[in-house]
Amino acid sequence: MTLVRTLLLRLMTTAVTLFGVAVIVFFVIRVVPGNPVAMMLPPGATAEDVARLTALYGLDKSIPQQFVIWGAGVLHGDFGTSITLRQPVLALVLGRLPATLELSVLALVMAVLMGGAAALTGTRLRETRVEGGIDVANGMALSVPDFLWGLVLILVFGVLLPVFQISGRVTPSLHLPFVTNFYLVESLVRLRFDLTRDLLAHMFLPAFALAIPLAAIIGQLLKQSLKETMHLDYVTLARTQGYSEARVIWREALPNAILPTLTLVGVQFTFLIGGTVIIERLFSYEGLGNMAIDAVINRDLPLIQGIVILFAVIFTGVNLVVDLTYAALNPRLRHG
Amino acid sequence: MSFLEVRDLSVRLKGGGPLLRNVSLTVAAGEVRGLVGESGAGKSMIGKAILGILPRSVEISSGAIVLDGTDLLTLPPAMRRQRVGATCALIPQDPLTALNPSRRIGPQITDRLVDILGWKRAEAEARARALLHEVQIADPDRVLRQYPHELSGGMRQRILIASAFAAEPRLIVADEPTTALDVTVQKQILKLIAGLQARHGTALLFVTHDLGVVSKVCQSLSVLYSGKVVEDTDVARFFAGPAHPYSAALLAATPKYTDPTAGLNPVPEAVIAAVRAEVENG
Amino acid sequence: MADGRALICRRAGLRLWLSLGWLALLVVVAVLAPWVAPKNPLEQDLFSGRLPPFWVHGADPAFLLGTDSLGRDVLSRIIFGTRIALAVALISGTLTCVIGASLGLLAGFYRGWVDIVISRFIDIWMAFPPVLFSILLIAVIGPGLFSIILAIVVIDWTRFARVVRAEAMAQGAMDYVASARVAGRGRFSTMLREILPNVLPIIVVLLTLEMGIAVIVEAILSFVNLSISTDDPTWGGMISEGRTSIHQAWWVLVFPLITLFLTVLSFSQLGEGLKDRFDPVLR
C-alpha cells in the first residue's frame, strides 16, 4: 500500500521534472544566434534554399508552436530528424545509448568493488596504519574529478606503460559479428572472448577514470557506517558466538551499513553518467556524450534535445530505482 | 573445581590508566555469581574480557582467564573464539540494539548453531522453537519469521535469553539484562533467567548494580570498586553483614523494596575516600 | 592514541598550509605574469616547434618546459593561463555562491511556496548532465570569459542552494530563532542576523570547493574548444592540444596537467581543511 503510493508520487514528480527539462532545453537552444540551416548548406545556396530547408525542419514557426509540434512528436516516439546526420534522432540516440550504458555500468561495478574493498579492509584493520593509508587515498581520489583522472590515466597507462587503449571503443579493423550495440554483453553471450578482451582494453581506462571518485565516496561512507555499526550490541553478540571478525563484518555489519551508502551511490551514479560526456570525448569513445558534444558544436538542435532528454530520463530513472530499492530493502519501511 | 577462574586480571587503557586491578573471581559449574558495583567500576569490563570482546582501546596487561582448565589468554585468537563460542554465551544489556534489525529472528538464533557448532538446520530450528516456548513466547513460529522492530523490548529480551541458552552453554554472562527494561517487565525477565538457569544448570555471571536483583538470583557475589574486587562472599553472609566498609555503605544506599518509607542513604563521602585510598595503594 | 590524534591534526594542518602556499603562489604568478613569464605566450616560432623540456636531449634552454607544435613556450602559457583560471575561479565562484546561497537560504527559512518553487528548480537542474548543460550554454551564448562564468553560475548554483537550504531548515527549527522572533525581530532580519551567521561556515567551505570546480569546468570547456579562443593561453586548451600530440610531445600535456591537478587538489584540500576547522560550529 505505502509502496504503491510512494511509487505513484515519485512517478508524478519525475514527470514534472522531465517536462521542466524539456521546456528549458527547448527554449534555451532556440535563443541560438545564427541559423543552423544556413550552416548545413553549401556556400552557393540561395535564400530560397535556406527558406525551404528552414520550413522543412519547422524552424520558421514561433517557438511555442515548435514546442507543441515537437512535444506531440515526442509523445509518439518521434524526436525529429538530426540536421547534420539526416537520420531520426531516436534511432541515432538509441544506437549510441548501449555504448554509454556499458561504460557507465562497468564504471559503477569497478567503483563498488574498489570502494567496497577499501571500506571492508579499512574496517577490518581499523585504527591501524592501513586504515590511515586508505583514508589518505580516498581523500585524494575525491578531491580530483574524473576528467583529470582520465588525463592522468592516459599518461600513465597509455604512454608510459602502454597496456590499455586510450581511444575508441574497439579496434576498428576487427570484424564485429554483433546485431545489437551492446558489444560487451554480446561478446560475452556469443563467447567471443577475444572481442571481450579488446573491448575491455578500450573501456578499462575511461571506466576507471569515472570510477575513481565514486569508489572514494563509497569507500569513505561505507567505512564510516561500518565502523559505527561495529559498536552495536548485535555485532558484539555475534562475536561472542564464535564468528570471526571478517565474518562479523560481512554478515552482521554490512547489511545494515549498506543502506545509507546505497542511496548515495544512486545519486552519485547519475553524476557518473553525467561524467561520461567529457570522458567519452577524452577517450574518443563512441557513446552518447561524444555525440552530444558534436551535436552542440554543429548546432544540431533536434539531436541536442533528444540527447539531453534521454540523459534526464536516465538520471531520474536511476533515482527512482534507488528510492524503490531502498524502500524494498529496508524491512522497517516495508512493514511500516 | 570452578568452571571459570579469573586470576589477577588487570586491564588498562592502551597507553593510559588501569581499568581493572588484579581482579580474581571464580564461577563454579551451575553457580550464579553476582558482580556488583557502581557504574564505571569495571563490572562489564570483566564480562567483556572473559568473552574476548574488549574494545580496541583497551588491553589486558596481566593475569589469566581459565575456562574449563585452559587459560584463554594463551590461546591463539581463532581457537579462543571457538572455545568461547562453544561454551559461553552473553545476555546483553539493551535488547533494542542486540538484535540485527535487517534479519529475521529465526536465523539470528539458529545460524550460529549451524555455522559454528555444526548442527543440522532442522535440528536448530526445532531447538529455537522449543526455547521460545520455554521463555513463554506464545506463538514461536510467527515470532521466528518476524523482524526485531516488530517486537517489544520485553519480547526481544526473551528471545535473547532463549538464544543465549540455545547451545546449552556452560557459562552465561548476563550484562545488566534488566536495566533497559520497564520495571514491570524486569521482574518477569529476572524470574525467567533464574528459572532457565536452574533447569539447565548453567553457570551464570550476573553483572548488575542492583543489590535487590542479587538477593533474588545469586548465590555468591563479588563487589567491585574502581576496578578492584573489595569483597568476595556468599549472598546470605553479605546481606547479613558485609565485611568491607564499601559493601556496607552500598547495602545501606540500596532502597529497600520491602520498606517504601525508608529514605535513600547515599554512600558517605568518608567511606568513598577511604576505599579509594585503599584501592590506589594496594 | 592521544599522540596519534595530534599527529593527524598536524598532518591536516600541513595539508592546509601546503594548499594555501600553492594558491598564494598562483596569485602572485597571475598578478606578475608579464614580468615572470620568460616569453610572450602568443609568440609562435615554427622553427622551434615541439622542443622538449630543458633536461631532455635536444632542448633549447630558453624554453624551460619546452614548446608546443606552434613553437609557443609552455611555461609562459601556463603562467598566463593562471590569470584566466584564477579569474574564473574567483568571479564565478563568488557569483555562484551569492546566488545559490541566497536561494537556498530563502527556501530553507521561508519554506512554503518559496521552497516548493526553488526545490522544483533544483530537481530539474539535477536531471541535467552538468557538463553537457554547460557546453550547451556556451554554444548558445558564444565563447568568451563572460560566457564561461555565466555557464558555471547557471549549472552550479544548486550545489549551494541544496546544502544551504537543508542547513537553514535545521537552524530555523532551533529555539534561538523562535526566541529572536518572540523578541520582535522581523522575519527577513531574523534570517540575516540569526540564520546566516550560522550557515556561513558551510558556505565558506562550499565556496572554496566551488572555486576548484570552476577551474575544472573552465579546463573542460577549453578542452572541447569552447572556452575563450584557441590562441589565448588556457590550461584546458593546452591540455586539449597536448592530448592530440601525446605520443610526439608529452610535455605539452604533462605540465599544464600537473598545474591543474595541484590547483584543484589545493582548493579541495583547503575546503576540507576549513570544514575540519569549523567542525565544532558545524556540529
Side-chain angles (χ1 to χ4, degrees), chain A residues 13-14 16-21 23-25 28-34 127 132 135-136 139-140 142-145 147-148 151-152 154-155 158-160 166-167 267 270-271 273-279 281-282 288-289 292-293 295-299 304 307-308 311-316 319, chain C residues 1 4 7-8 11-12 15 19 119-142 154 209 212-213 216-217 219-221 223-226 236 239-240 242-243 246-247 250 253-254 256-258 260-262 264-272:
Chain A
T13 49
T14 305
V16 173
T17 304
L18 288 179
F19 181 76
V21 169
V23 171
I24 289 171
V25 176
V28 161
I29 54 182
R30 268 160 185 73
V31 193
V32 178
E127 282 148 48
D135 284 344
V136 171
M140 277 277 288
L142 257 181
S143 303
V144 177
F147 175 63
L148 284 186
L151 285 163
V152 172
I154 284 180
L155 272 174
V159 180
L160 283 178
I166 57 171
S167 76
V267 178
T270 64
F271 293 161
I273 296 172
T276 59
V277 175
I278 194 66
I279 290 295
R281 191 71 176 178
L282 192 55
L288 263 185
I293 293 180
V296 171
I297 291 171
N298 297 327
R299 301 273 160 88
I304 299 173
I307 295 175
V308 174
F311 267 112
V313 169
I314 298 174
F315 281 22
T316 45
N319 282 330
Chain C
M1 197 156 134
L7 192 70
I8 289 165
R11 229 178 256 163
R15 273 212 302 260
S19 309
S119 300
R120 184 85 353 240
F121 268 99
I122 295 178
D123 278 354
I124 293 173
W125 248 252
M126 297 288 288
F128 276 105
V131 172
L132 184 55
F133 197 20
S134 60
I135 292 170
L136 185 62
L137 279 171
I138 300 283
V140 169
I141 43 190
V154 171
L209 297 175
I213 292 166
I216 277 287
V217 172
I220 287 177
L221 291 173
F223 180 77
V224 292
N225 286 332
L226 281 170
I239 287 171
S240 176
R243 167 73 177 89
I246 187 165
H247 292 290
W250 52 266
L253 174 61
V254 169
L257 178 58
I258 291 174
L260 184 56
F261 199 95
L262 287 178
V264 171
L265 197 63
S266 295
F267 273 121
S268 108
Q269 291 299 321
L270 184 63
E272 294 296 322

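The sequence lines fix the lettering, A, B, ..., with proteins before strands; numbering per chain opens at 1.
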[X] vs [Y] side-chain heavy atoms within contact, under 4.5 Å:
X	Y	answer
C/L257	A/V152	yes
C/F133	A/V25	no
C/M126	A/T316	no
C/V264	A/P145	yes

Worked verdict on C/F223 versus A/F147 for ring pair (Phe, Tyr, Trp, His ring centres under 6.0 Å):
CA-CA 10 Å; C/F223 180 77; A/F147 175 63; 5.4 Å; yes
With A/A312 via side-chain contact (heavy atoms from CB on, under 4.5 Å) - residues at least two apart
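Scan of A/A312 (side-chain contact (heavy atoms from CB on, under 4.5 Å), adjacent residues dropped) gives A/L18, A/V21, C/A127.
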Nearest-0.5 Å distance, [atom1] of residue [X] to [atom2] of residue [Y]:
X	Y	atom1	atom2	value
A/L155	C/I258	CG	CD1	8.5 Å
A/L142	C/L265	CG	CG	11.0 Å
C/L136	A/I24	CG	CD1	11.5 Å
A/L151	C/L260	CG	CG	8.0 Å
C/I135	A/I293	CD1	CD1	4.0 Å
C/I138	A/I297	CD1	CD1	12.0 Å

Go through the atoms of [X] and report whether side chain, backbone, both or neither lie under 4.5 Å from a heavy atom of chain C.
X	result
A/T276	neither
A/V313	neither
A/F271	side chain
A/L282	both

Contacting region of C/I220 [heavy-atom separation from chain A under 4.5 Å]:
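Both backbone and side chain.
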Can you tell me which portion of C/I239 sits under 4.5 Å from chain A's heavy atoms? Options are side chain, backbone, both or neither.
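Only the side chain of C/I239 comes within 4.5 Å of chain A.
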Sidechain-backbone polar pair: A/R281 side chain, C/V224 backbone, donor-acceptor under 3.5 Å
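Pair absent, no side-chain N/O of A/R281 close to backbone of C/V224.
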If we define contacts as heavy-atom pairs under 4.5 Å, which of A/I278, A/I304, A/V308 has the most with chain C?
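Counting heavy-atom pairs under 4.5 Å, the top option is A/I278.
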What pair of heavy atoms forms the shortest contact from [X] to [Y], and how long is it?
X	Y	result
A/A292	C/L132	CB-CD1, 3.4 Å
C/R243	A/S167	NH2-CB, 3.8 Å
C/H247	A/I166	NE2-CD1, 4.1 Å
C/P129	A/G274	CB-CA, 4.1 Å

